[in-house]
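A quick write-up on the structure given underneath.
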Amino acid sequence: MYDPKPVFITSDGRTTTTEIAARLECDLKYGLPLKASARHVYVAGDFALIGLDRSIDGNGLSRKHVEGSARASYAARIDDGST
């Protein structure tokens, strides 16, 4: 599903290809559902730009309250299976 060479832009504006898994692991370590809602989806040819708002809220595995939110954008290549 993901490109083997993804790029992640950090909150301080750096671009990196190594922090994507670490960021996702950080969000998932609490054992809470990660909610996402699409802000927009733009499609041009076989590419789509998807804007998401995501949040996490609840008592984590350590029983401490966890709350956070972020905005993300994803560029995706659409594969309808015909090629």
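Given the structure is predicted, the values throughout are model-derived calculations rather than measurements.
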Item to check | Distance-minimising heavy-atom pair for Ile56 and Leu34 | outcome: CB-CD1, 4.3 Å
Checklist entry - How about Arg71 and Arg39: do any of their side-chain heavy atoms sit closer than 4.5 Å? => result yes
Checklist entry - What are the two closest heavy atoms between Leu49 and Ser73, and how far apart are they? => result CD1-CB, 4.4 Å
Next on the checklist: Let me check something: do Tyr74 and Phe47 share a hydrophobic cluster, defined by ILVMFWY side-chain heavy atoms less than 4.5 Å apart, either directly or through other members?
Outcome noted: no
Checklist entry - side chain to side chain contact (heavy atoms under 4.5 Å, CB included) between Leu32 and Asp57: does it pass, once the steps are laid out? => result CA-CA 7 Å; Leu32 294 170; Asp57 188 9; over 6 Å; no
Checklist entry - In Å, rounded to the nearest 0.5 Å, how long is the span from CZ of Arg54 to OG of Ser37? => result 12.0 Å
Item to check | Rounded distance [0.5 Å steps], NZ in Lys35 versus CG in Leu52 | outcome: 15.0 Å
Item to check | Shortest non-hydrogen separation from Asn59 to His65 and the atoms involved | outcome: OD1-CA, 3.5 Å
